[in-house]
Amino acid sequence: MTEASAAPSPDGVLPKTYDPVLTEARWQAAWEEAGAFHPDPAAGGEPFAVVIPPPNVTGSLHMGHGFETALIDTIVRFQRLQGKNVLCLPGTDHASIAVQTLLEKQIKAEGGSKDDLGRDAFLERAWAWKGESGGTIVGQLRRLGYSVDWRRERFTLDPGLSAAVVEAFVRLHEQGLIYRGEYLVNWCPASGSAVSDLEVEMKELDGHLWHFRYPLSGEPAADGIDHLVVATTRPETLLGDTGVAVHPTDPRYAALVGQTITLPLVGRQIPIVADEHVDPAFGTGCVKVTPAHDPNDFAIGSRHGLPLITVMAKDGRMNGVAGRFAGLDRFEARKAVVAAMQAEGFLVKVEPHRHSVPFSDRGKVPVEPLLSTQWFVKAEPLAARCREALDGGAPRFVPERWEKVYRDWLTDIRDWCISRQLWWGHRIPAWFVVSETGGVISEATPYVVARDGAEARVKAEAAYGEASRAAGRELQLEQDPDVLDTWFSSGLWPFSTLGWPDPNAADLGRWYPTSVLVTGFDIIFFWVARMTMLAGAMRPLGAGKAWMPFADVMIHGLVRDENNRKMSKSAGNGIDPLPLIERYGADALRFALVREVAGAGQDIRLDYDRASGSSATVEAARNFANKLWNATRFALMNLGGETPASLGTPDPARLQLADRWILSRLERVKRETAQRYASYGLGEAAKGLYEFAWNEVCDWTIELLKRRLNPRPAAEGEPPSAEVLADQQVARAVLAKVLAELLVLLHPLMPHLSEELWHGLTGAPEGTFLALQSWPAAEEAALDADLEASFAELIEAIRVVRNLRAVAGLKPSQGAPVLFITGRQELAAVLREGSADITTLTKAESVTVLDPAAAAARPAARALAAVTGELQVLLPLEGLVDLDALRARLEKDIAKATKEIKGLSGRLANPNFAGKAPPEVVAECQANLAEAEAQAALARGRLADLG
RNA sequence: GCCCGAUUAGCUCAGCGGUAGAGCGCCUGCCUUACAAGCAGGAUGUCGCUGGUUCGAAACCGGCAUCGGGCACCA
């Protein structure tokens, strides 16, 4: 331990407080230099693999990533201690639209535009940004102590992964699962790109409902009707109306179906059609139909053969078809159309109307349903395969309830628009044979899908070469300028990172499918489902094993800020993990986050004072780290230079009561903790270890061992006896064992601190790591439930004595005789065996244990007295007794017992209880009642003695 | 409209069929040579409301209320 913060100071003692910053940096460097987390696919051991959800290179990480990192790292470190061959693979995501939006904003702020810059220069800038942001992110992940294999770090746009993207696209296309066509898509005018359904967020807004008069073209009907009234929230779209729909059974309009309307402002003749979609009860029961600008209208239009008339351009302005409104922005056009309708007498009324408006997640503007030629993935066949797998239990969701969310989304799934009119991303591997359509790309331009330009040329040559030459044209190819949805590459992550599509890739063979995916519920659709769908399409994967990319999916909640708000970049309320790491240490932050997570899958709230940069929760975890530091410090000062190895297993024959107790507790905690880690009960594991370490190890065991670790000489100047020295060795061995194993159990949660302390305690050489040790072996024989129960009574007895001393106001330095009276032989035996311990922990002058008969024979003394269970505790302190405090204490005992008697006897008096409850419950109840009654009687007796 | 969470001590949350728990905060006393980032002791709850099931409900079931989230969406 060179330069260790744990290095002994000149006087040979560790500092009193733990300073995490240097220690953490040192171990991170040591682990990495040694390649501690760089697994060998050829090595033995059961494989365990996790690919981390790659953070977007959009800047830096916030606390949510810190939380996820803490969870994943705890899991993989535990599995490593279990002896598995663990791969934890890191990486980042290029985040196509997010990064491009961000960069365009930057460029705009500098007074430029991406189009001025050009595609190549823009991409250069994007790569520079990636370098910067990616570096920041990797630095942050390192500071958290993430035990990933940095040598296998991947980026979704790196050459290997890009090749995987192309391969996946080509294969999907070959299977007929990718198609290109003109459909109504969600168009984001801000990004200038199509986006998928998932990237659209509905927002409730206050808008208006405009009612317009649409005149019938022909003569008024028999009943004098010469127009219909339609209502719309989007007047500007009326320029593209190609019909009006009514419900087929609506008697008001039945006679009008088939007639035509003259569209105001435009003059187009449009039919009145009958369609089930119309709700006769809403508004007037008449709906204007704009198939090119609304998904529902698109559906109505296609059922009735209505033409599609697009009146808006991709930039959100009205196009030439919009006539006098051409060139107006869509929101200006709305006002202008309303004004024109009003001027021409077609506006009937305007009502305020609250409705949902689709917004683009990234662009933060309303999306426009627009007709556009795009690439799509046919989703249903892939979803069906996933649903079938789910019926077979794959993957397993933790907590279980998320399975339903996943399944529901896979049911009634819509096709996935995967093309984006962006630059930053994977270029679509399709080449248009533009020589066929006069050098331009149109919907009609034929294309070939290929792995590269050369393959494209071969394919195009085969398909169009001859005909082309015959027509005297030179074959001319142009790659599709668009890129793929960022989630297309993320969807391949669990296998593209392992070497797919190379079927012989060692990592793929060894670690696919991965063991568990740990992620937030907010990307179950975006990511989890896309991974399972794409994996299903790409099988076989790996060595022909299961195709589902992960066995388990652990879904965690979101980290919310101190005001219970979701952290987000736009809200500016993200909490940066680094300042908290600087202040409290990465281990403290990790522990604090994981400890909060017990209610599986629930969001967690991190308290944080922005003004001071402090967090009480993290501070509590830091204090825990310091507690462990000091416990180890104590051990180093008291083990006489020995180590857990040199001390060996303590001789069972020489173990004292407290030794057997803590060893039994250790064994139980060891089992519980392993079970919790293995089943993703990480919060429970953290809480359990916190309580065990602080209460049972530090507050009780260390305090109890002190007496034996530092034996007083029998007489002045005389060396301790051989017996005492032997016991000292036992005490040392117990302390060393408990601490050493505790550090292993804590390691997944607090890797740096445990590594540091373990080295200090064991003297392990530098190149040896706790991170690569084994989980301590199970020792069944150490478990002793009866002993644990009776030791709990001893603890309770000590507490009562301490309480009496506090009530009476005894000074800490002041000794007092302690007298226990009990009729229960087992309890008396434990108290006698533990009398030396009691002496130490209660400042007893003497400890006497009597049975009631013997006690009755003694002269009654004025004493501090309390009763617990079947035990009377007396501190005979003639003259020093605060009688009032003592009476209050006894009265409290009586009140407590009385309340219990009332409850228990009431229950026992109920004949149904005695008759129907299990006999052991009834017996327990009776025993408790007897005890409470005895307790009340004893306390009353004591009270009477006081006079 | 459909679905899913949550509601327990001042705060953050465990508990999920047998007499209410932890951490933080609070009160009292302690610098007891591991630790004041600590030690010992203490106070604090109609477990959202309401029916039901049960010998017994904070826990299980039904309804309601409030808060949060997801999906769908009628112009």
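- A 4.5 Å side-chain heavy-atom check between A/H293 and A/P369 finds every atom pair outside the cut-off.
- Side-chain proximity of A/R633 to B/C55, B/C35, B/A14: nearest is B/C35.
- Annotation: B/C39 and B/G25 have their P atoms spaced 12 Å apart (nearest Å).
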For RNA chain B, the dot-bracket notation using Watson-Crick and G-U wobble pairs below 3.5 Å, [ ] for pseudoknot-type crossings and | for other-strand pairs, is ((((((((.[[[[.)..(..]]]].(((((.......))))).....[[[[[..)....]]]]])))))))....
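- A sub-4.0 Å separation between OP1 or OP2 of B/A72 and a side-chain N or O of A/R414 is present.
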Would you give a per-nucleotide map of nucleotides 19-25 of chain B, 5' to 3', where B means the base has a protein non-hydrogen atom under 4.0 Å away, S means only the sugar-phosphate does, and - means neither? B--SS--
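- B/G48 sits 15 Å from B/A57 when the P atoms are compared, rounded to a whole Å.
- Between A/K16 atom NZ and B/C31 atom P there is a gap of 14 Å when expressed in whole angstrom units.
- Backbone-only contact: A/K892 has heavy atoms under 4.0 Å from sugar-phosphate atoms and none from a base.
- With no hydrogens or angles considered, no side-chain donor-acceptor pair links A/N630 and A/Y18 at under 3.5 Å.
- In this model, no donor atom of one side chain and acceptor atom of the other lie less than 3.5 Å apart for A/T17 and A/N626.
- Counting non-hydrogen atoms under 4.0 angstrom, A/F212 reaches nothing in the nucleic acid.
- Rounded to whole Å, the distance from CG on A/L639 to P on B/A34 is 13 Å.
- The side chain of A/P812 approaches B/C30 more closely than any other nucleotide in the set B/A40, B/A34, B/C30.
- Looking at which nucleotide of RNA chain B each of A/K843 and A/H355 is closest to, the 5′-most match is held by A/K843.
- Checked by distance alone, A/R622 brings a side-chain donor or acceptor within 3.5 Å of a matching partner on the base of B/A37.
- If you measure from atom CZ of A/F591 to atom C1' of B/U12, you get 15 Å, rounded to the nearest angstrom.
- Listed nucleotides B/A37, B/A6, B/A36 differ in distance to A/Q602; the shortest reach to its side chain belongs to B/A6.
- Minimum atom distance to the side chain of A/A806 is reached by B/G41, of the listed B/C73, B/C35, B/G41.
- A donor-acceptor pair shorter than 3.5 Å cannot be found between the side chains of A/T898 and A/K896.
- Residue-level contact check: A/V289 touches neither bases nor backbone, having no heavy atom under 4.0 Å from any strand.
- As judged by a 4.0 angstrom heavy-atom cut-off over every strand, A/D279 is placed among the base-contacting residues.
- Among the nucleotides B/G70, B/C55, B/C39, the one closest to the side chain of A/D699 is B/C39.
- If you check the side chains of A/S813 and A/K843, you find no donor sitting under 3.5 Å from an acceptor.
- Neither OP1 nor OP2 of B/C73 sits under 4.0 Å from any side-chain N or O of A/K203.
- In this structure, A/R401 does not reach the B/C4 phosphate: none of its side-chain N or O atoms is under 4.0 Å from OP1 or OP2.
- Mapping A/W700 and A/A917 onto RNA chain B via the closest heavy atom, the residue that lands nearer the 5' end is A/W700.
- Looking only at atom types and distance, the side chain of A/H355 has no donor-acceptor partner in the side chain of A/E204 under 3.5 Å away.
- Scanning atom types as modelled, one donor and one acceptor separated by under 3.5 angstrom connect the side chain of A/K627 and the base of B/C35.
- Taking the side chain of A/K706 as heavy atoms from C-beta on, and the options B/A43, B/A34, B/C13, the nearest nucleotide is B/A34.
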Derivation of the side chain to side chain donor-acceptor pair (under 3.5 Å) call for A/S612 and A/D609: CA-CA 6 Å; A/S612 67; A/D609 179 11; 2.9 Å; yes
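- At a cut-off of 3.5 Å, with distance as the only test, no side-chain donor of A/D275 or A/H247 sits close to an acceptor on the other residue.
- Nearest nucleotide to the A/K916 side chain, out of B/C55, B/A34, B/G69: B/C55.
- Within the 4.0 Å cut-off from OP1 or OP2 of B/G41, at least one side-chain nitrogen or oxygen of A/R799 is found.
- When the P atom of B/C31 is taken as reference, atom CG of A/N630 falls 19 Å away, rounded to whole Å.
- Base contact: A/S356 has a heavy atom under 4.0 Å from a base atom.
- Residue A/E703 places no side-chain atom within donor-acceptor reach of the base of B/A40, judged by atom type and a 3.5 Å distance cut-off alone.
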